[in-house]
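Some notes on the structure that comes next.
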Amino acid sequence: MFKKDLDLEKRWGKLLLGLADLVGKKPSDLNGVLFLIGVQELGQGNKTFSKEQKQDLMHIAICKVLSYAGFYELDYIDQDGWPHWKLIKKLPHFDILEQEKLLKIQVLEYFEKEFDIEIQ
């Protein structure tokens, strides 16, 4: 593993611990963090979501974090308050590990920019 990858995993671990302090439970993986971001971006508070809504929340989160890298932009918010995004730059073809790495980097950037924190 390269130093860069070790630094990413160190920062990721710190984020998970910080989220555990904030929400009372450590997210188990990237999907858990994406779900939290989706709920945050929806802005309707903590409530019960259907399986389909949970998938939509994760999609919202992925679009939001990838918007920092210029892949998506907010298109509109529907009558129920759900944001809809549009792809503005083609996503690179990555294997699953590269996809996860890109998302982790963008998730860290999300928390640094949206909450004005530095995760070192």
Side-chain angles (χ1 to χ4, degrees):
M1 193 178 264
F2 296 104
K3 181 182 181 327
K4 196 171 173 183
D5 292 338
L6 288 172
D7 289 344
L8 174 61
E9 289 307 311
K10 182 180 171 185
R11 292 177 64 218
W12 183 254
K14 286 184 177 182
L15 173 65
L16 293 181
L17 291 175
L19 289 172
D21 290 342
L22 184 65
V23 298
K25 181 181 177 190
K26 182 179 171 189
S28 60
D29 58 12
L30 176 59
N31 288 335
V33 176
L34 289 171
F35 176 75
L36 290 173
I37 292 171
V39 170
Q40 175 68 27
E41 289 302 309
L42 180 61
Q44 296 181 1
N46 188 11
K47 62 181 194 176
T48 303
F49 296 100
S50 69
K51 183 177 181 180
E52 183 179 325
Q53 288 174 321
K54 288 178 183 178
Q55 290 173 332
D56 291 344
L57 288 167
M58 291 183 65
H59 177 72
I60 288 169
I62 289 169
C63 292
K64 175 66 179 185
V65 301
L66 290 179
S67 72
Y68 290 114
F71 292 108
Y72 287 91
E73 71 180 15
L74 184 60
D75 193 17
Y76 67 95
I77 297 177
D78 68 21
Q79 68 277 7
D80 296 322
W82 287 73
H84 294 264
W85 296 81
K86 69 179 176 182
L87 184 66
I88 57 171
K89 183 169 85 174
K90 189 175 183 202
L91 291 164
H93 180 71
F94 283 151
D95 67 30
I96 192 75
L97 291 175
E98 290 170 320
Q99 287 176 23
E100 184 172 303
K101 191 168 154 181
L102 172 64
L103 284 171
K104 283 181 176 181
I105 290 166
Q106 295 307 130
V107 163
L108 287 162
E109 184 174 350
Y110 168 84
F111 281 99
E112 288 176 339
K113 287 188 174 175
E114 294 293 321
F115 297 95
D116 198 28
I117 57 172
E118 193 171 330
I119 305 164
Q120 290 297 328

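With sequence neighbours excluded, the residues that form a salt bridge (charged side-chain N to carboxylate O under 4.0 Å, His left out) with Asp7 are Lys3.
Phe49 and Val39 get closest at one heavy-atom pair: CE1-CG2, 3.9 Å. Contact between Pro27 and Gly32 at its shortest, heavy atoms only, is CB-C, 4.2 Å. Across all their heavy atoms, Gly38 and Ala61 have their closest contact at N-CB, 3.6 Å. The two residues Ile119 and Arg11 have their closest heavy-atom pair at O-NE, 2.7 Å.
From Gln40, atom CD reaches atom NZ of Lys64 across 10.0 Å, with rounding to the nearest 0.5 Å. Once rounded to the nearest 0.5 Å, the distance linking CD1 of Ile60 with CZ of Phe35 reads 10.5 Å. With rounding to the nearest 0.5 angstrom, the CD1 atom of Ile37 is 11.5 Å from the CG atom of Leu57. Taking CG from Leu66 and CG from Leu103, the interatomic distance works out to 5.5 Å, rounded to the nearest 0.5 Å. One finds the CD atom of Gln106 at 10.5 Å from the CD atom of Glu112 (value rounded to the nearest 0.5 Å). Atom CG of Leu30 sits about 7.5 Å away from atom CD1 of Ile62, to the nearest 0.5 Å.
Two different hydrophobic clusters hold Tyr68 and Ile88 under the rule that ILVMFWY side chains link at heavy-atom gaps under 4.5 Å. In this structure, Leu17 is not a member of the same hydrophobic cluster as Leu19, with clusters built from ILVMFWY side-chain heavy atoms closer than 4.5 Å. Transitive grouping of hydrophobic side chains (ILVMFWY, heavy atoms separated by less than 4.5 Å) brings Leu87 and Met58 into a common cluster.
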Under 3.5 Å, which donor-acceptor pairs do the side chains of residues 76-85 form with other protein atoms, sequence neighbours left out?
{"unit_1": "Asp78", "atom_1": "OD1", "unit_2": "Asp80", "atom_2": "N", "d": "2.9"}
{"unit_1": "Asp78", "atom_1": "OD1", "unit_2": "Gly81", "atom_2": "N", "d": "3.1"}
{"unit_1": "Asp78", "atom_1": "OD1", "unit_2": "Trp82", "atom_2": "N", "d": "2.9"}
{"unit_1": "Asp78", "atom_1": "OD2", "unit_2": "His84", "atom_2": "NE2", "d": "2.9"}

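Summarising the local packing, CG of Asn46 is surrounded by 12 or fewer heavy atoms from other residues, nucleotides or ligands at distances under 6.0 Å. Atom NZ of Lys47 has more than 12 neighbouring heavy atoms from other residues, nucleotides or ligands inside a 6.0 Å radius. The neighbour count for Lys10 NZ, taken as heavy atoms of other residues, nucleotides or ligands under 6.0 Å away, does not exceed 12.
Panel note: side chain Glu100, backbone Leu97; no donor-acceptor pair is recorded below 3.5 Å.
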Pair Lys101-Asp5, side-chain contact (heavy atoms from CB on, under 4.5 Å): steps then yes or no
CA-CA 9 Å; Lys101 191 168 154 181; Asp5 292 338; 2.7 Å; yes
Between Phe115 and Leu22, does the side-chain contact (heavy atoms from CB on, under 4.5 Å) criterion hold? Intermediate values first, please.
CA-CA 12 Å; Phe115 297 95; Leu22 184 65; over 6 Å; no
Margin query: Show, in sequence, the C-alpha distance, side-chain angles and deciding distance for Asp56 and Glu52, and conclude whether the side-chain contact (heavy atoms from CB on, under 4.5 Å) test is met.
Written below: CA-CA 6 Å; Asp56 291 344; Glu52 183 179 325; 4.1 Å; yes
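In this model, a donor atom of one side chain and an acceptor atom of the other lie less than 3.5 Å apart for Tyr110 and Glu41.
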